[in-house]
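Keep in mind it's a predicted model, so treat the numbers as computed, not measured. All ligand and atom numbering here is 1-based and tracks the order in the structure.
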Amino acid sequence: MNKLFSLLCFLVMGYYLCAQDLNFNASWKFYNDKAQGAEQITFDDSKWRNLDLPHDWAIEGPFDVKYNARAGGLPFHGTGWYRKHFKMEANTKGKVVRLEFEGAMYNAHVWINGELVGHRPYGYIGFEFDISNYLKYDGSDNVVAVRLTPEDLSSRWYPGAGLYRSVWLKIDNPIHVGQWGTYIVTPTVTEKLAVVQNETTVINNSNENTSVTVKHEYIDPDGKTVATVEDSIEVEAHSKAVSAVWNNIENPKIWDIGVPNLYNVITTLSANGKITDTYKSRIGLRSIRYTKDGFFLNNKLVRFNGVCIHHDNGSLGAAVYKRADERKLQIMIDMGVNAIRTSHNPPSREFLEACDELGLVVLDEAFDVWKMEKVPNGYNKFFDEWAERDLKDMILRDRNHPSVIMWSTGNEIIEQRDRKNGWKVAKMLHDVCKETDPTRPSTMGMNNYINPYTFNFAQQVDIAGMNYKPTKYSEIRDMFPELPLYGSETSSCTSSRGVYHLPIEKYQTHESKHVTSYDLIGPPWAYPPDVEFHFQEQNPYVMGEFIWTGFDYLGEPTPYGGKDNSTNGYWNADWPSHGSYFGAVDLCGFPKDRFFLYQSQWSTKPMIHLLPHWNWKGMEGQTIPVYCYTNCDSAELFVNGKSMGKKVKGKDLTELKVDFLRYEPKTFQSKYRLSWNVPYEAGSIKVVGYKDGKVVQEEQINTAGKPAKISLSVDRAEINADGSDLAYVTIRIEDKDGNLCPNANNLVNFSVKGAGELIAVDNGDQTSLESFQAPHRKAFSGMCLAILKASETSGNITLSAKSKSLRSAKITVLSK
Ligand code: GAL
């Protein structure tokens with residue numbers, strides 16, 4: 001599936017001998033409406049828009065109150081057509097030609113030369129069709145036409161729309177490795193030895209029963225071939241067979257959290273003395289095990305410092321860019337994260353590859369809904385016909401990833417309430433998991449306590465996940481001492497980056513529709529991170545937690561728009577609020593305060609963080625709550641150099657008045673934050689953190705003066721000139737001394753020169769209706785973001801940023 005690998009095959013072994021996976025993302029035609037006869041080869045698409053994939057039409061907007069804020073307030077439903085013209089070489093006749101879509105959002109119908117070749121409703125699942133018999137090999141045009149018909153009220157978050165993942169044209173000899181055709185697992189991994197088991201599905205599309213040699217070469221992370229295994233199998237004509245072999249790898253380089261050792265496996269098929277296929281897989285050698293007392297990776301107990309993540313890439317929408325996924329995960333690792341839950345759908349291939357490459361464990365989730373609906377046009381419509389197949393295909397695609405450690409069959413499934421039949425559906429899906437991959441446990445995120453346990457529902461998965469039930473952990477343990485347990489969804493605290501309203505507002509009441517960032521506010525079912533920390537500590541057999549959420553995402557703008565009380569819209573009561581407030585990080589990837597609260601708990605690297613900002617003109621003398629999140633033992637606060645006292649973590653508790661409505665008690669003492677109440681005076685606040693009596697960390701926040709200049713920084717100075725790599729430029733509005741102006745909302749204009757383009761802008765404001773594609777953006781809490789995409793030509797990319805009455809700035813990225 002790798003472009004370079006295909007090219008190498010082509011060069012090394014010659015066209016006849018080798019399979020080709022051709023990236024099919026370039027040069028599509030697109031039309032965003034119904035189009036009569038658009039599946040026909042002769043249809044005139046000359047006036048349609050030209051574009052390359054991946055493409056999400058909905059992210060182009062515009063935002064409008066007529067679209068549901070719950071799904072992002074963007075036009076993700078309707079009809080979208082994609083067409084592509086292509087020619088087949090005469091010498092590909094007789095080969096097996098498959099068209100693979102890694103995901104199509106959603107309800108895809110695919111035609112080749114006017115004939116329907118297939119249909120796949122679920123937008124998050126990959127699929128392929130054998131199109132060999134529909135093609136013309138005489139040098140004339142072939143046309144693939146794809147119709148997508150996503151419906152309104154079909155998702156609880158922003159799903160995106162379009163061919164938002166990659167498409168591949170795969171040309172194979174009749175004898176080849178099947179789709180997701182290798183299944184490579186590691187039944188034993190110790191420091192001395194890894195036992196590797198490899199089951200490879202060989203397809204024989206020829207008219208002859210054939211004896212096929214299957215050879216696997218295992219290449220270690222340093223590029224050294226460490227094992228070669230051969231097998232020979234008989235495959236009947238127009239049939240398939242599985243070659244099953246195992247071997248040892250001595251002194252294995254073990255894959256682990258933060259230790260992403262990856263092995264390549266090159267599988268070569270030969271028949272009648274000729275190589276017919278070469279297929280690459282990537283694996284990691286690691287062992288997993290779970291007991292009622294915890295989860296073990298490589299025989300070490302692992303507690304999940306996890307986050308739930310939705311699939312969108314913020315201002316890029318659902319469109320998949322490897323770098324966007326990788327950056328997202330790097331930011332999470334910086335927070336101390338070691339585990340990801342792909343809420344609530346199969347992620348992109350790139351996402352899992354990045355998890356493998358960064359050393360994160362993954363809970364791979366299939367569904368948010370089964371047969372009983374959450375929204376009227378959700379997956380419930382397809383469940384009966386497709387659920388088994390979709391779940392199985394997710395596992396077949398993902399089961400070689402070392403990062404994947406559990407299969408989740410669902411989230412907060414309504415069938416939890418169905419005393420009579422719920423468990424049967426749960427069992428059916430669990431059985432699919434076990435048949436397809438017995439090496440990983442099945443799981444589910446459940447919220448309907450106590451039903452899942454008393455209705456024989458939680459018992460239908462290997463490991464039950466509880467959403468938002470920290471106070472029940474010990475009760476569950478007492479009742480069901482043998483059942484393993486973890487927090488599949490926790491906290492759901494809300495905030496807007498850099499926003500502090502004083503006095504702190506009540507839930508859902510601020511006219512700005514932003515949420516104060518003291519990490520004290522959330523919907524009724526939620527609670528501050530501190531509560532989960534406490535109950536995790538009290539109940540060490542709980543395997544850890546997955547917070548809701550690592551990143552803000554598009555849609556589900558709780559607490560603004562979290563309920564249906566509007567007359568002319570569905571979930572738009574609090575328009576223009578249209579994006580989530582749940583993230584520890586905003587939509588741009590900029591950390592909110594909560595990021596540091598998690599970091600203080602999950603990371604051992606000394607850190608300290610102070611909040612709020614120190615620009616409170618007009619509030620001189622009034623009390624400002626100041627919080628410090630740190631993993632130091634103690635910290636001392638200074639206002640304009642004057643000590644406000646030293647506080648010791650665990651001893652000096654912080655009284656939190658939380659606004660989570662149903663959570664009792666509403667006031668509680670947290671040992672996870674340090675706090676002071678200090679009268680405001682302009683100048684600076686500084687916190688000094690001590691460990692074992694020594695100063696290890698400091699942070700100072702100055703009262704910023706007037707906005708004077710723009711400052712730019714980029715996540716990477718060099719990127720790849722491959723047409724899809726990205727550079728993320730952070731824009732800060734600063735005073736003349738370089739202090740962030742925390743309330744600045746200046747409009748910044750961008751222009752780009754050189755070997756790349758500006759593809760998106762954002763500022764993390766959940767209420768902003770500005771276009772993500774505009775060459776300008778207002779700052780929000782003093783910051784905004786510009787995303788540059790490399791072209792395929794190397795060279796410098798220079799971004800200029802200008803704003804009225806501010807000193808402008810430029811930054812250059814090398815693309816090569
Ligand atoms: C959960 C749900 C998530 C999200 C979250 C918001 O109940 O599983 O998908 O909606 O609430 O707090």
Side-chain angles (χ1 to χ4, degrees), residues 68-72 124 153-159 306-312 340-347 363 365-370 372-375 378-380 408-417 443-449 451-452 458 461 464-470 472 486-496 507-508 515 519-529 531-532 545-564 570-571 574 577-585 587 592 594 658-663 766:
N68 292 310
R70 190 190 205 192
Y124 297 100
L153 308 180
S154 58
S155 178
R156 296 193 304 113
W157 57 86
Y158 173 74
V307 288
C308 297
I309 287 198
H310 266 314
H311 77 311
D312 72 61
I340 310 282
R341 174 181 183 223
T342 68
S343 47
H344 303 298
N345 47 259
L363 190 167
E365 188 152 273
F367 307 120
D368 186 48
V369 65
W370 296 348
M372 296 166 108
E373 73 175 53
K374 289 186 180 173
V375 281
Y379 187 73
N380 42 294
S408 169
T409 56
N411 171 61
E412 299 192 350
I413 293 300
I414 309 292
E415 278 82 346
Q416 285 170 96
R417 299 180 200 153
T443 188
M444 227 196 284
M446 292 168 255
N447 63 327
N448 209 223
Y449 188 78
N451 291 356
V461 285
M466 272 287 119
N467 290 6
Y468 309 106
K469 299 291 176 289
K472 304 288 184 202
Y486 70 102
S488 33
E489 222 171 285
T490 59
S491 185
S492 262
C493 195
T494 52
S495 60
S496 302
Y507 177 80
Q508 213 183 18
V515 178
D519 304 323
L520 297 173
I521 299 173
W525 57 90
Y527 46 86
V531 172
E532 187 71 33
E545 63 166 318
F546 291 83
I547 67 168
W548 191 265
T549 46
F551 266 67
D552 275 347
Y553 49 96
L554 290 161
E556 210 180 24
T558 315
Y560 294 105
K563 60 179 183 163
D564 180 13
Y570 188 65
W571 286 80
D574 292 307
S577 177
H578 60 268
S580 130
Y581 299 74
F582 291 117
V585 171
L587 204 64
K592 301 183 192 170
R594 200 152 59 259
V658 298
D659 191 11
F660 290 83
L661 303 183
R662 264 191 249 152
Y663 180 73
Q766 297 100 341

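In this structure, the side chain of Lys472 does not engage the main chain of Tyr449 through any donor-acceptor pair within 3.5 Å. Between the side chain of Lys592 and the backbone N or O of Ser496 there is no donor-acceptor pair closer than 3.5 Å. Distance alone, capped at 3.5 Å, places no donor-acceptor pair between the Glu545 side chain and the Gly487 backbone. Judged by distance alone, with hydrogens and angles left aside, the side-chain atoms of Arg594 form a donor-acceptor pair with the main-chain N or O of Gly583 at under 3.5 Å.
The shortest heavy-atom contact between Asn345 and Tyr124 is ND2-CD2, 3.3 Å.
For Ser408 and Arg341, the side-chain atoms include no donor-acceptor pair closer than 3.5 Å. Defined by atom type and a distance below 3.5 Å, a donor-acceptor pair is missing between the side-chain atoms of Glu532 and Thr490. Checking Glu412 against Asn467 by side-chain atom types alone, a donor-acceptor pair falls below 3.5 Å.
Contact atoms of ligand 1 toward His344: 3 (C), 8 (O), 9 (O) (distance under 4.0 Å to a heavy atom of the residue). Residue Tyr468 approaches ligand 1 through these ligand atoms, each under 4.0 Å from one of its heavy atoms: 1 (C), 5 (C), 7 (O), 11 (O), 12 (O). Heavy-atom proximity to Phe582, at under 4.0 Å, picks out these atoms of ligand 1: 6 (C), 12 (O). Every atom of ligand 1 with a heavy atom of Glu412 under 4.0 Å away is listed here by number and element: 1 (C), 2 (C), 7 (O), 8 (O). Every atom of ligand 1 is numbered from 1 in the order shown, and the set under 4.0 Å from a heavy atom of Trp548 is 3 (C), 4 (C), 5 (C), 6 (C), 9 (O), 12 (O).
Taking atom 10 (O) of ligand 1 as the reference point, the nearest protein heavy-atom neighbour is Glu556 OE2, 2.4 Å. If you check which protein heavy atom lies closest to atom 1 (C) of ligand 1, you get Glu489 OE2, 2.7 Å.
At a 3.5 angstrom cut-off on N or O pairs, Asp368 does not count as close to ligand 1.
Of the heavy atoms in Asn411, only side-chain atoms (C-beta onward) come closer than 4.0 Å to ligand 1. By the criterion of a heavy-atom distance under 4.0 Å, the side chain of Trp525, and not its backbone, is placed next to ligand 1.
The option from Cys493, Ala526, Ser492 that lies nearest to atom 12 (O) of ligand 1, judged by heavy atoms, is Ser492.
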